[in-house]
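Single-structure report; data block below.
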Protein chains: 2
Amino acid sequence: MSVTTLHRPTHRDALSALSAAFERGDMVTVFGRCTVEYDGRAASSLGRGDRLLILKPDGTALVHTDEQRTPVNWQPPGSEHRAAVRDGRLRVRSERENPDERLDVRFEQVHQVSALPVTGGRTVDVYGSEEDLRQRILDDPDLVEPGFQPEATERETAAGPVDVFGHDSEGRPVVVELKRRRVGPDAAGQLGRYVEALEREFPDGVEARGVLVAPSVTDRARELLAEKGLAFVAVDPPAATANGPDGEASAASEGEDG
Amino acid sequence: MSVTTLHRPTHRDALSALSAAFERGDMVTVFGRCTVEYDGRAASSLGRGDRLLILKPDGTALVHTDEQRTPVNWQPPGSEHRAAVRDGRLRVRSERENPDERLDVRFEQVHQVSALPVTGGRTVDVYGSEEDLRQRILDDPDLVEPGFQPEATERETAAGPVDVFGHDSEGRPVVVELKRRRVGPDAAGQLGRYVEALEREFPDGVEARGVLVAPSVTDRARELLAEKGLAFVAVDPPAATANGPDGEASAASEGEDG
DNA sequence: CAGTAGATATCGCCT
DNA sequence: AGGCGATGTCTACTG
């Protein structure tokens with residue numbers, strides 16, 4: 001069976017639909033005028049307005065307005081959704097423990113309820129992440145510097161795992177920290193911690209070197225690198241491939257000034 | 001007028017609905033079997049499956065499966081949505097510049113299209129954020145240490161703005177870094193940079209102190225703080241208030257093992 | 001379970 | 001437009 005939709009249902013009918021959808025493990029959308037309360041790691045209150053509530057069978061809850069990529073309120077996976085009618089109004093509560101937090105959506109009016117049985121793939125392959133950059137370095141270590149010899153990835157140190165560890169042409173240990181995008185002061189600090197941790201592993205007098213590999217670096221980060229005696233190597237950012245044109249009939253919506 | 005819904009529409013009818021919704025500035029949901037391609041800062045490919053596509057009038061696009069809080073694909077606000085029918089199939093493309101990236105959703109089957117006119121508030125008041133912690137410190141500076149005198153918030157330094165700046169009971173400058181939750185090594189590094197930047201502002205010999213204020217700290221971060229001669233002060237995390245019970249009739253869905 | 005760091009992070013503020 | 005840091009970040013991975 002496919003999607004079930006109720007148009008302007010009564011609050012009780014909306015509850016029945018939610019109940020059945022929960023039972024089937026469907027994904028649910030509720031569009032309606034509501035208020036939202038959250039309490040847990042922080043607390044928040046959202047006044048009356050039209051929002052889209054999404055309830056996933058894995059326990060995720062999302063409340064979206066007509067703006068922003070980030071939901072205005074949410075509950076992470078693993079929460080337990082409950083729906084009820086109180087004082088004649090639909091209420092949805094999503095709750096979890098550890099941390100203890102709950103989301104309450106109280107509907108004044110339910111414009112639409114839909115139950116969506118979902119099948120098919122959920123995992124997406126992403127290219128151009130840090131792991132791809134690592135592979136580029138391993139394939140051609142000279143990108144770091146001539147004569148660089150990579151020996152391990154994710155090598156453990158007291159300060160945490162190092163992206164790439166190896167030795168330079170003169171036999172000195174080298175720590176390589178990879179970033180897929182322009183880096184700020186935090187990355188310089190991270191690399192510095194790794195280098196310090198490594199030097200403590202070796203006998204006194206052995207100096208470890210640190211190399212930050214990224215598309216570019218901010219001024220402040222460059223200063224920090226210089227202070228700590230760390231190197232920076234620029235690499236091309238992951239490239240965006242061009243794509244084809246549009247179709248026959250079309251419609252457009254512009255986000256900025258449309 | 002209120003929500004418009006098409007149940008199992010033809011691809012052309014779906015396009016008409018999208019076109020009209022874009023024109024009105026409605027929020028749109030499309031549920032259907034589709035593939036998704038993304039190319040931009042990274043690139044990704046998502047095979048056939050049922051997903052919920054949300055198109056917001058501000059240019060946001062979200063593709064959700066039945067799992068996870070994070071959309072499997074998306075486009076940030078400011079993008080331009082276009083819909084078209086090609087080879088008899090609905091295609092939605094959302095595209096933006098700076099950075100140049102695009103999202104392509106190709107539908108094999110459209111289960112449902114809805115256009116949702118949205119009104120009402122979108123801004124949520126959040127309590128328990130770092131700003132609240134700052135206020136607690138300013139109201140009672142002794143929480144940092146007896147005799148602490150706060151003098152400025154967001155005080156600028158060469159390393160960036162310091163959360164709270166002041167002097168201790170002996171007249172030494174103090175940098176306070178606030179975190180609303182348990183902190184790791186990054187926060188220690190951040191505070192260390194601020195203290196170093198401050199000491200450079202003052203004549204040689206003047207020592208600035210650094211205090212990290214947070215609910216708790218990891219072992220590694222504690223070591224880093226000790227190395228850098230920085231202090232840690234524990235404060236209560238923002239408290240969660242209890243809330244009322246459920247309603248008359250109810251339905252439940254459990255995320256984990258339900 | 002906690003710790004650690006990546007992410008197409010997003011978002012807001014300020015220069 | 002870029003830099004910088006907070007976020008109820010979320011998410012995966014490792015010990």
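In what follows, chains are A, B, ... by sequence order, proteins preceding strands, each numbered from 1.
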(request) Could you encode protein contacts along nucleotides 6-11 of chain C as a string, one character per nucleotide from 5' to 3', using B for base contact, S for sugar-phosphate-only contact and - for no contact, with a heavy-atom cut-off of under 4.0 Å? (result) SSBSSS

(request) For the pair A:E130 and A:R134, find out whether any cationic side-chain nitrogen is under 4.0 Å from an anionic carboxylate oxygen. (result)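 Salt bridge: no.
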
(request) Look at A:R51 together with A:E67 and state whether they make a salt bridge at an N to O cut-off of under 4.0 Å. (result)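 Between A:E67 and A:R51 there is no salt bridge, as every charged N stays at least 4.0 Å from the carboxylate O atoms.
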
Please check if any side-chain donor atom of [X] sits under 3.5 Å from a side-chain acceptor atom of [Y], or the reverse.
X	Y	value
A:R96	A:S79	no
A:E101	A:Y38	yes
A:H81	A:K56	no
B:D139	B:Q135	yes

[X] [atom1] to [N] [atom2], straight-line distance once rounded to whole Å:
X	N	atom1	atom2	answer
B:R122	C:dG12	CZ	P	12 Å
A:R102	D:dG8	CZ	C1'	13 Å
B:H64	D:dC10	NE2	P	13 Å
B:D186	D:dA6	CG	P	9 Å
A:N98	C:dA2	CG	P	6 Å
A:D58	D:dC10	CG	P	13 Å
B:L224	C:dG3	CG	P	14 Å

(request) Would you give the length of the straight line joining atom CG of B:L55 to atom CZ of B:R82, rounded to the nearest 0.5 angstrom? (result)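 If we round to the nearest 0.5 Å, B:L55:CG and B:R82:CZ are 13.5 Å apart.
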
(request) Could you tell me whether A:R155 atom CZ has more than 12 heavy atoms of other residues or ligands within 6.0 Å of it? (result)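 Yes, CZ of A:R155 has more than 12 neighbouring heavy atoms, counting only those of other groups under 6.0 Å.
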
Classify the nucleic acid contact of [X] as base, sugar-phosphate or nothing, counting any heavy atom under 4.0 Å across all strands shown.
X	result
A:A187	nothing
B:P99	nothing
A:R193	sugar-phosphate

Short N/O separations, protein against nucleotides 13-15 of chain D, under 3.5 angstrom:
none

(message) So, OP1 or OP2 of D:dG3: does either fall under 4.0 Å of a side-chain N or O from A:R220?
(response)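 Checking A:R220 against D:dG3: no side-chain N or O falls below 4.0 Å of OP1 or OP2.
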
(message) Please give the distance between the C1' atoms of C:dT8 and D:dT14 as a whole number of Å.
(response)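 25 Å, rounded to whole Å.
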
(message) Work out how far the C1' atom of C:dG6 is from that of D:dT7, and round it to whole angstrom.
(response)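 Their C1' atoms lie roughly 16 Å apart.
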
(message) Between A:R180 and A:G128 (side chain of the first, backbone of the second, donor and acceptor by atom type, cut-off under 3.5 Å), is there such a pair?
(response)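 Judged by distance alone, yes, a pair lies under 3.5 Å.
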
